[in-house]
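Scroll down for the structure; my scribbles are underneath it.
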2 protein chains.
Amino acid sequence: MRKFSQQRAAIIEELSSVTSHPTASEIYNMVRRRIPNISLGTVYRNLSMLADDGAILRITTGEGTERFDADTSDHYHFCCSSCGRVSDLALPFCGELNRSVEEMTGAHVQRHSLIFYGECADCVALGRSGTA
Amino acid sequence: MRKFSQQRAAIIEELSSVTSHPTASEIYNMVRRRIPNISLGTVYRNLSMLADDGAILRITTGEGTERFDADTSDHYHFCCSSCGRVSDLALPFCGELNRSVEEMTGAHVQRHSLIFYGECADCVALGRSGTA
DNA sequence: TATGGTATAGTAATCATTACTGTTATTTTT
DNA sequence: AAAAATAACAGTAATGATTACTATACCATA
């Protein structure tokens, strides 16, 4: 049975306290304020376990590093190519898509990931472009 | 102006000859049959340039390594968690989604990526599960 | 044929992530 | 509540994909 460690609790709490979809090392720095000698490996291991359990979401944007989200409700993301930020979208979730793909392919579909890429409103306003 | 090198031509040709969405090192091995001393760095650099130019597609599945696709038409992908294969889906493409997100957020949306995850029909039939 | 620009091969470096090892914490059993 | 069993930890080393670097080679044009 899975044991309840302070480290795992702190990771969940810190991740739940933000909406910024932090990376593993950002979470590491957040948790270190509470548990100064926590190991980066511990953060990675717990994030993986939690994501595998479905307790948190792992977001793969392709911009180098994985990001994590404590909000496990079905939703989609936007990733800004200029500042690198990832934000939630209030787009309706299409659960039926999974069923469509199953019928179309015979595969067993577990989930899908929909990510939009571009320049966020802030970056557009500031005239930034291209450079992360 | 961008120069047309044999290496780049070979990379495009090899990638166009398959529908398997190979990784950079798979493409490296394919091209090496024709240009034995081509460098892995050359493959990576050309794949990046081609993807940036929109001449090929870069597919980020989150299963460790990036994959590439010579088919640049708008389409979606399925990624099998058991065998790791990535396949094309004949799902209708929703270009209007980009516009919706723009109106909703004020961002400038360039593209979106929709990937389905699960166990492909072959793996379901063979009773494999979980292990890549 | 000299010049400037782009690409290349080969190698070294980077960086996110994972694996390993001996120790500590948590749970379960007595 | 002590002991036994097991999961998790800290710290560090290893892995592996990707990028950067450097000196050389190719190609076009003046």
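Proteins get letters first, then strands, A, B, ... in listed order; numbering begins at 1 in each. A quick note: this is a predicted structure, and the numbers were derived from the prediction, not measured. As a basis for the values below, the full set of heavy atoms in this structure was taken, side chains included, without hydrogen atoms, waters or symmetry mates.
For C/dA7, the OP1/OP2 oxygens have no side-chain nitrogen or oxygen of B/Arg45 closer than 4.0 Å. Not one side-chain nitrogen or oxygen of A/Tyr44 sits closer than 4.0 Å to the OP1 or OP2 atom of C/dT18. Between C/dA9 and B/Gln7, a contact under 4.0 Å exists linking OP1 or OP2 to a side-chain N or O.
For the pair B/Gln6 and B/Ser25, nearest-nucleotide mapping onto DNA chain D gives the more 5' position to B/Ser25.
Under the 6.0 Å distance and 45° angle rule, A/Arg2 does not count as a cation-pi partner of A/Phe4.
In this structure, CG of B/Asn46 is placed 15 Å from P of D/dA20, rounded to the nearest angstrom. Atom CD1 in A/Ile59 sits about 17 Å away from atom P in C/dA16, given to the nearest Å. Residue A/Glu66 contributes atom CD, which lies 12 Å from atom P of D/dT18 at whole-angstrom precision. Computed from coordinates, the B/Glu26 CD to D/dA17 P distance equals 10 Å when rounded to whole Å. With rounding to whole Å, B/Ile11 atom CD1 is found 7 Å from C/dT8 atom P. Between the P atom of C/dA7 and the CG atom of B/Asp53 lies a distance of 10 Å, rounded to the nearest Å. The distance between atom NZ of A/Lys3 and atom C1' of D/dA7, rounded to the nearest whole Å, is 4 Å. The distance from atom CD1 of B/Ile12 to atom P of C/dA7 is 13 Å, rounded to the nearest whole Å.
B/Leu91 is connected to A/Phe116 through a chain of hydrophobic side-chain contacts under 4.5 Å among Ile, Leu, Val, Met, Phe, Trp and Tyr, so both are in one cluster. A single hydrophobic cluster is not seen to contain both A/Val101 and B/Val124; linkage of ILVMFWY side chains at heavy-atom distances under 4.5 Å, directly or through other members, places them apart.
Residue contacts shown for A/Arg8 are limited to sugar-phosphate atoms, with no base heavy atom under 4.0 Å away.
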* Applying salt bridge (charged side-chain N to carboxylate O under 4.0 Å, His left out), run through A/Asp122 and A/Arg85 and close with a yes or a no. => CA-CA 10 Å; A/Asp122 289 354; A/Arg85 271 185 293 182; 3.1 Å; yes
* To do: Would you please test B/Asp69 and B/Arg58 for salt bridge (charged side-chain N to carboxylate O under 4.0 Å, His left out) and show each step?
  => CA-CA 7 Å; B/Asp69 191 345; B/Arg58 189 201 317 264; over 6 Å; no
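Across C/dT8, D/dC9, D/dA8, the shortest atom-to-atom separation from the side chain of B/Ser5 is found for C/dT8. The nucleotide whose nearest atom lies closest to any side-chain atom of B/Thr42 is, among D/dA10, C/dT8, D/dT6, C/dT8.
Between A/His112 and A/Phe93, the angle of the ring planes stays under 30°, which puts this pair in the parallel group of the 30/60° scheme.
A heavy-atom distance below 4.0 Å to DNA chain C is reached by these residues of residues 27-40 of chain B, ordered by number: B/Asn37, B/Ile38, B/Ser39.
A/Thr42 and A/Gln7 form no side-chain donor-acceptor contact under 3.5 Å, judged by distance and modelled atom types alone.
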